[in-house]
Amino acid sequence: MTDILETLPTFEPGWVWLCGAGPGDPGLLTLHAYHALQSCDHLVYDALVDERCLALVKPGAELEYAGKRGGKPSALQADISARLVELARAGKRVLRLKGGDPFVFGRGGEEALTLVEQDIPFRVIPGISAGLGGLAYAGIPLTHREVNTAVTFITGHSLAGRVPDDIDWQALASGAPVLVFYMGMKHLAQISQQLREAGRPSHEPVAIVCNATLPSMQVLETNLADCAADVARAGLEPPAIIVVGDVVRLRAGLDWLGALGGKQLTSEPLG
Ligand code: SAH
């Protein structure tokens, strides 16, 4: 392990590394992310970065919260970008750590473009996005040969706080058999209704994966018609990934975490 870390790029002063921390489980950090945590001077992190990941930072490094989480006062995006520039200009090794992957609904592109504009050198370290890692921990494959050859990732929440206006629901409903929503909990009833109006069947399987990969992870299996009511009844809260499609049925065979707790798996979940 030490040998590998020594072959990774050196974190130079005055650089910003824009890095994904994965969905929560610190075991899902990449070696690049670990190396960055061990060599940064200043860490600017988001709300969804797990504390156990933060705990891996080199002693003496400064930690700065730039989180944006519903309800709490949030740092403005422009302020965060300006702060990264300021720290880099002060000669710090600046680690910008985000939940999941920085370029998947994470506004990493916006921050990186500010760095480009301001001539600050940067590196991007991908992370395991919640829509990938979260589903794997729930025992739901994103693709399965007999079920789907395509998958669509969608954000359920726009800058304006609504379901994004530019979603073409007809195209979405007919485009891919599996739909993975980020930030969709608040508008789940509307999402479910729009998809059914656009032709997706009411009984289509849906899974809600909350706090994916964390010890507090919860998975609710439901269907398109009932999902909003079921979520309310179960009292589920964000962060959550919502997956719509027949791949959810595979969970009966592939819920490996459930099996650790004694759940009986079936080898023919689609049968
Ligand atoms: N860049 C992140 C996404 C940020 S948007 C990534 O690639 O994963 C924030 C949304 O991501 C949340 O509203 C939720 O939909 C999803 N999310 C992030 N972490 C999650 C987790 N541990 N469990 C479930 N959903 C998560």
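Atoms within a ligand are numbered from 1 in the order they appear, just like the ligands themselves. Computed from a prediction, not measured in an experiment: that's the story for all the values here.
Distances shorter than 4.0 angstrom occur between a heavy atom of Ile241 and an atom of ligand 1. Under a 4.0 Å heavy-atom criterion, Val209 is in contact with ligand 1. Residue contacts with ligand 1: Gly134 is excluded, as none of its non-hydrogen atoms falls under 4.0 Å.
The side-chain heavy atoms of Val178 and Asp246, taken from C-beta on, include no pair separated by under 4.5 Å. The shortest distance between side-chain heavy atoms of Arg251 and Val243 does not fall below 4.5 Å.
The distance from the CD atom of Glu86 to the CG atom of Asp79 is 10.5 Å, given to the nearest 0.5 Å.
Close N/O approach between Ala212 and ligand 1 is found [any backbone or side-chain N/O within under 3.5 Å]. Taking only nitrogen or oxygen atoms, main chain and side chain alike, Phe181 does not reach within less than 3.5 Å of ligand 1. In terms of N/O distances under 3.5 Å, ligand 1 is approached by Val104. Some N or O of Met183 is nearer than 3.5 Å to an N or O of ligand 1, by distance alone. The N/O atoms of Tyr182, backbone and side chain alike, include none that comes under 3.5 Å of an N/O atom in ligand 1.
Under 4.0 Å from ligand 1, heavy atoms of Ala130 appear from its side chain as well as its backbone. Of the heavy atoms in Leu48, only side-chain atoms (C-beta onward) come closer than 4.0 Å to ligand 1. Of all the heavy atoms of Asn211, the ones lying under 4.0 Å from any atom of ligand 1 belong exclusively to the backbone.
Val180 approaches Leu142 most closely through the heavy-atom pair CG2-CD2, 3.7 Å. Shown here for Val49 and Gly99, the closest heavy-atom pair between the two residues is CG2-N, 3.7 Å.
Of the charged side-chain nitrogens involved, none lies within less than 4.0 Å of a carboxylate oxygen, so that Glu62 and Lys92 do not count as a salt-bridged pair.
Remark: among candidates Gly106, Ala47, Pro238, Gly99, the nearest residue to atom 2 (C) of ligand 1 is Gly99, based on non-hydrogen atoms.
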Below 3.5 Å, can you tabulate the donor-acceptor pairs from side chains in residues 12-25 to any protein atom, sequence neighbours excluded?
from  : atom 1 : to     : atom 2 : distance (Å)
Asp25 : OD1    : Gly27  : N      : 2.8
Asp25 : OD2    : Tyr137 : OH     : 2.7

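The ring-ring contact (aromatic ring centres under 6.0 Å, His included) search around Tyr182 returns Phe105, not counting sequence neighbours.
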